[in-house]
Each structure stands twice: as structure tokens, then as C-alpha cells.
Colleague: 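Sharing a structure below in C-alpha cells format, with a few things to ask.
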Amino acid sequence: MKRILIVGATGFVGPALVEEFSRAGYFVICGVRNLKSAAQQLDFPNVKVIKVDMNEDLNPNTWLDRLREHRVDGVVNNVGIANAFGGQSIENVNVNAPLALFEAIYFYCRENREANRPPQDVSVIQISTTGVNWDDCDAYKYPKSKKLIDESLIETTGLNFIIVRPNVIYEPGRGHLLLEQIARLPVIAYIGKSYIQPIHCRELAVGIVRLMKNPYKADCSILQATGPEAMTWKQVFLTVCKALELEHGICIRTPLLFAQIFTNLIQRLPERLLYRLGILSKLDNDTIEMMTKGSTGDNSDWLKKTSVQPMHMFDTYRHLGESPEAYNDYVQSIRDTVVES
Ligand SMILES: NC(=O)c1ccc[n+]([C@@H]2O[C@H](COP(=O)([O-])OP(=O)(O)OC[C@H]3O[C@@H](n4cnc5c(N)ncnc54)[C@H](OP(=O)(O)O)[C@@H]3O)[C@@H](O)[C@H]2O)c1
């Protein structure tokens, strides 16, 4: 049984990755900040939860000990913060701690080679963002930090890596973007008219498992994990309404400044309440501005290297509207289908 370390195993994408690796027969070591909440989120077979903190674990030796103790064969770094909420340092969480981890992986492979024991190559999958492609990416701390760690991985670590750059990620019932709930609102506010290319969280997770299964197929690649269609935010909401056969509410384009003022007012609420509200706790002026910028990317390499069947947003919500079973069957068909290129 191959042993995969997933750092950032909680939150939105993390549990989907853990579930898909577990289903695919891996033993999954989950690096998390909060053991108790992780145990609730990660109730899948062959899972072990260990405590890590990317804001503090900046010493490669800390990571080397963990790699040795858990005999890790592959690593997915899924941690990423878009702002400094909760007193975190973006530089530490998105750049310095991953660098320490990557350095540790290098030494771990080297000492295994010297001792002639497995694993001698540990594949690393780094979850980045398509925001790195923006010309003015350096103007925003989040994509700037992702660009920095991507570049360090490419240039300095000497590791076998795959960088996956997802676009906006969605999944019914989970995550930061509950489209099926937004579709039912009488007034749907959206910002900007730029294009995005949302990807379903399961397409992403199934694709990443396949990359890890056969890492040499995509070795040292940068893959744009974008969905099959470029759409504006308005088209996203209307697509979901149509697929769920809902009369859509009034769509109002909200000026950026208004959205920022509204969010700033929300942020004055007590921190505990903000965290309970989830999405609102993680929005700041930069995050909102980034939502208006749009971003798209060519997914042909992603599809070729993963052989995954792209999940269309309309199909996703049409199956969901039919019944939970129809939706689950649709997701299962994605796991089962290998599209030969
Ligand atoms: N969601 C999207 O639309 C999107 C689009 C493009 C790229 N991405 C990238 O995809 C990855 C996952 O995103 P997501 O939407 O699932 O984000 P998320 O829900 O906010 O999850 C982020 C993960 O990072 C962990 N984390 C944060 N600070 C940490 C720390 N100090 N030490 C250890 N772990 C820490 C979180 O743990 P806690 O649960 O303890 O907070 C969580 O497991 C990120 O790298 C993100 O940049 C996301």
C-alpha cells in the first residue's frame, strides 16, 4: 500500500483528495492543524491524521522526521491561504513551510538512496492556482506567493514534481461556492464580466490521484486544471439555475467598490461569528478584486496526463436536480472513466 502525505487535508479540496486517494487504495497521512475537526472531516478508510502547522513548521528537520516516521512515498501540498486571517503569515504558509517540506523530501530520498531502501523517489504534487498566470500577479499577495513557491520547486529542489494550477473550484453541497443555494436566491449579485473556467472538485481530486499513480507521465509539468467551459460569473449562476430547472432571480452586477465596502462592514463582526459564517471570514478587498479579474487556462495537458473525463457544470447540476443517486452515479462514472488521448 503506497503511503501519501497530504498537507492541508481539511477544508474544501483536502477531504476530496483524501477520499479519492483512500478509494484508490492508498494509505493517506493527513497533515492538519486541528486533529479534532480533521477526524470529523476525514472519516475514510486507511487514513491517519498528524498535526502540522505551516505557519510554524519552517525547519526541514521537522518534516524529515515526519517523512521518516510515516515512510511517505508521495506528497501533495494542498495548503494555501489567500489572506492573513487568523494571524497567519502568507509567506510562511504558502512559501517558507512548503520550501522546508520540499527540502526535507530531497534529503529523505537521498538518505534512502544511500541506504538502498525505498522510497528513493518521492513525487510531489503542488496545488497552485491559475492566478499565477496573471500579468500583474505580483500585485496580489496570494498568487504572488504561489508563483514564488512554484518557481522554487522548479528551480531549486531537484525533485520530481507536478504543479497543478486549478481555476475556481466548485462542488455541490461543499466548499466556498454553494451554487445550488445561490441559484435559489431572489437576487443574484455578481461582480465583473471576465471569464473563469470553473473545475469540479472531484475532477480535480480524481485527476490528482491519477497523476500520483503514474507521476512519470507528467513529470515536472505545470498543468492548468481548468474546467471544460469558459464562463462569466453570470453565466455560471444562470447555468446552474437552468440545470436545476429553477426560475432565476434578478441578476445584478455589483460594482467592485460596493462589494468591498460591504465586505469591510461584514469584517467588523466578531471574529468567531465570521468564522462560523465561513466564506465571509476569508474575503478581503484583494480576494474580491481577484474574483473580478477572471482567469482561464488551456486544460489540454491536464486532460491528456490525467485521462480524466471533464465534468460540465450543466451536467453536474442536472444530475443533482434529478436525484442524489443520479448525482452519485455521475461522480462514480468520472472515477471509472479513462479517456484515452
Ligand atoms: N477553492 C478554490 O477555488 C481554489 C482555486 C485555485 C486554487 N486553490 C488552491 O487549492 C488549495 C485548497 O484550497 P481550498 O479551497 O480547499 O482552501 P481551504 O478550504 O481554505 O483549505 C486550505 C487548507 O490549508 C490548510 N491550512 C491553512 N493554514 C494552515 C497552516 N498554518 N498549517 C497547516 N494547514 C493550513 C487548511 O487547514 P484548516 O482546515 O485548519 O484551515 C486547509 O486544509 C489551496 O492551495 C488553494 O490555494 C483553490
Side-chain angles (χ1 to χ4, degrees), residues 5-19 28 30-42 49-58 62-63 66 76-98 100-101 125-134 137 140-150 153 163-171 174-179 196-205 207-208 223-227 233 236 275 278-283 287 290-291 293-297 302:
L5 170 65
I6 300 181
V7 196
T10 48
F12 172 34
V13 177
L17 288 172
V18 177
E19 179 177 1
V28 195
C30 302
V32 303
R33 282 194 291 182
N34 183 326
L35 291 174
K36 203 168 150 204
S37 104
Q40 286 162 1
Q41 293 180 53
L42 305 173
V49 179
I50 62 167
K51 193 166 164 52
V52 304
D53 188 341
M54 304 291 268
N55 202 34
E56 293 177 358
D57 299 346
L58 310 180
T62 311
W63 291 102
R66 291 173 180 147
V76 180
N77 176 32
N78 179 56
V79 171
I81 55 170
N83 50 48
F85 275 103
Q88 299 226 80
S89 148
I90 294 191
E91 288 73 24
N92 282 355
V93 174
N94 291 2
V95 184
N96 297 332
L101 167 62
I125 299 184
Q126 160 70 11
I127 310 299
S128 181
T129 168
T130 48
V132 170
N133 302 334
W134 290 328
C137 143
Y140 302 90
K141 277 188 170 180
Y142 166 61
K144 184 182 174 186
S145 64
K146 289 284 193 182
K147 186 173 140 194
L148 208 60
I149 188 63
D150 290 3
L153 186 53
I163 294 171
V164 176
R165 293 192 175 149
N167 199 260
V168 173
I169 307 165
Y170 71 95
E171 182 168 11
R174 305 183 59 246
H176 308 296
L177 197 60
L178 294 179
L179 293 173
I196 52 172
Q197 237 173 303
I199 181 165
H200 194 295
C201 190
R202 292 293 146 173
E203 179 186 332
L204 181 67
I208 286 170
L223 305 176
Q224 316 290 332
T226 56
W233 280 102
V236 166
Y275 273 105
I279 180 169
L280 296 173
S281 68
K282 293 186 175 173
L283 285 177
T287 322
M290 286 189 282
M291 285 172 74
K293 287 175 66 66
S295 79
T296 54
W302 163 257

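If you're wondering where the values come from, they're calculated on a predicted model, not measured in any experiment. When a ligand or atom number is given, it counts from 1 through the structure's own listing order. Just the heavy atoms: all of them, side chains too, but no hydrogens, waters or symmetry mates, feed the values below.
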Colleague: Taking 4.0 angstrom as the limit and counting only heavy atoms of H176, give me the atoms of ligand 1 inside it, by number and element.
Modeller: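 With H176 as reference, the close atoms of ligand 1 come out as 1 (N), 14 (P), 15 (O), 17 (O), 18 (P), 19 (O).
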Colleague: Say whether P166, considering both its backbone and side-chain N or O atoms, lies within less than 3.5 Å of an N or O atom on ligand 1.
Modeller: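 Such a contact does not occur with ligand 1.
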Colleague: List every atom of ligand 1 that sits less than 4.0 Å from any heavy atom of N55, numbering the atoms from 1 in the order shown and giving each element.
Modeller: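 This gives 31 (N) as the contact atoms.
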Colleague: Under a 3.5 Å distance rule, please check whether Q197 uses its side chain to pair with a backbone N or O of S295 as donor and acceptor.
Modeller: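 Not confirmed, Q197 side chain does not pair with S295 backbone.
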Colleague: What part of R165 sits under 4.0 Å from ligand 1 if we count only heavy atoms: the side chain, the backbone, both or neither?
Modeller: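 It is neither; nothing of R165 touches ligand 1.
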Colleague: For N77, state whether at least one heavy atom is located under 4.0 Å from any atom of ligand 1.
Modeller: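 It does not, in that no heavy atom of N77 comes within the 4.0 Å cut-off of ligand 1.
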Colleague: At less than 4.0 angstrom from any non-hydrogen atom of G8, what atoms of ligand 1 do you find?
Modeller: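 Ligand 1 atoms under the 4.0 Å threshold to G8: 43 (O).
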Colleague: Is there a polar contact between ligand 1 and F12, counting only N or O atoms under 3.5 Å apart?
Modeller: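 N/O-N/O distance under 3.5 Å: yes.
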Colleague: Under 4.0 Å, heavy atoms only, figure out whether ligand 1 is touched by the backbone of K146, its side chain, both or neither.
Modeller: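 Near ligand 1, K146 shows its side chain, while the N, CA, C and O stay back.
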Colleague: Closest approach of M291 and W233, non-hydrogen atoms and distance?
Modeller: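 So the minimum-distance heavy-atom pair works out to O-NE1, 3.1 Å.
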Colleague: Would you check if the side chain of N78 reaches a backbone N or O of A9 as a donor-acceptor pair within less than 3.5 Å?
Modeller: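 Flag not set: sc N78 to bb A9 has no pair under 3.5 Å.
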Colleague: Against ligand 1, does N78 come closer than 4.0 Å with any heavy atom?
Modeller: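 Yes, N78 has a heavy atom closer than 4.0 Å to ligand 1.
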Colleague: Give me the atom names and distance for the closest heavy-atom approach of I208 to I125.
Modeller: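 The answer is O-CD1, 3.7 Å.
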Colleague: Walk me through whether R165 and W302 qualify under side-chain contact (heavy atoms from CB on, under 4.5 Å).
Modeller: CA-CA 9 Å; R165 293 192 175 149; W302 163 257; over 6 Å; no
Colleague: Identify which of R174, R33, Q41 has a heavy atom lying nearest to atom 30 (C) of ligand 1.
Modeller: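 It is R33 whose heavy atom sits nearest to atom 30 (C) of ligand 1.
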Colleague: Do Q126 and N77 have side-chain atoms, one donor and one acceptor, less than 3.5 Å apart?
Modeller: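 Judged by distance alone, the side chains do pair up.
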Colleague: Relative to the heavy atoms of I127, which atoms of ligand 1 are at a distance of less than 4.0 Å?
Modeller: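 Listed by number with element: 9 (C), 10 (O), 11 (C), 45 (O).
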Colleague: Please work out, at 4.0 Å between heavy atoms, whether the side chain, the backbone, both, or neither of Y170 comes within that distance of ligand 1.
Modeller: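 For Y170, no heavy atom sits under 4.0 Å from ligand 1.
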Colleague: Would you please say whether a donor-acceptor pair under 3.5 Å links the side chains of N167 and T226?
Modeller: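 No - no donor-acceptor pair under 3.5 Å links their side chains.
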Colleague: Which atom names give the shortest non-hydrogen contact between Y170 and P198, and what distance separates them?
Modeller: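 Heavy-atom minimum between the residues: CD2-CB, 3.7 Å.
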Colleague: Indicate whether the side chain of T62 and that of D57 have a donor and an acceptor atom separated by less than 3.5 Å.
Modeller: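 Note: T62 and D57 side chains miss the donor-acceptor criterion.
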Colleague: For Q88, counting its heavy atoms only, list the atoms of ligand 1 lying under 4.0 Å from any of them.
Modeller: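 Under 4.0 Å from Q88, ligand 1 has these atoms: 27 (C), 28 (N), 29 (C), 30 (C), 31 (N).
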Colleague: Do E171 and E203 have side chains that approach each other closer than 4.5 Å (heavy atoms only, starting at C-beta)?
Modeller: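 Heavy-atom side-chain distance check fails, nothing below 4.5 Å.
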Colleague: Specify side chain, backbone, both or neither for I81, according to which of its non-hydrogen atoms lie closer than 4.0 Å to ligand 1.
Modeller: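 Side chain only.
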Colleague: I'd like to check which ligand 1 atoms, numbered from 1 as shown, lie under 4.0 Å from a non-hydrogen atom of T10.
Modeller: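 Counting atoms of ligand 1 from 1, those under 4.0 Å from T10 are 37 (O), 38 (P), 39 (O), 40 (O), 42 (C), 43 (O).
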Colleague: Please check if the number of heavy atoms outside K141 that lie under 6.0 Å from its NZ is greater than 12.
Modeller: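 Atom NZ in K141 is not packed in, count stays at 12 or less.
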Colleague: Set out, in order, the CA-CA distance, both residues' side-chain angles and the distance that settles salt bridge (Lys or Arg N to Asp or Glu O under 4.0 Å) for E56 and R33, then state yes or no.
Modeller: CA-CA 11 Å; E56 293 177 358; R33 282 194 291 182; over 6 Å; no
Colleague: Show me which atoms of ligand 1 lie under 4.0 Å from any heavy atom of Y142.
Modeller: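 Those of ligand 1 that fall under 4.0 Å from Y142 are 7 (C), 8 (N), 9 (C), 46 (C), 47 (O).
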Colleague: Within the 4.0 Å heavy-atom shell around G11, which atoms of ligand 1 are there?
Modeller: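 Numbered from 1, ligand 1 contributes 19 (O), 39 (O).
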Colleague: Is it the side chain (CB and beyond), the backbone, both or neither of S37 that lies under 4.0 Å from ligand 1, heavy atoms counted?
Modeller: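 No part of S37 is near ligand 1 at this cut-off.
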Colleague: I want to confirm something. Looking only at heavy atoms, which of T129, N167, V168 is nearest to atom 5 (C) of ligand 1?
Modeller: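 Checking each option, the heavy atom nearest atom 5 (C) of ligand 1 is found in N167.
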Colleague: Using heavy-atom distances, let me know which of G80, A38, S128 sits nearest atom 9 (C) of ligand 1.
Modeller: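 Nearest option to atom 9 (C) of ligand 1, by heavy atoms: S128.
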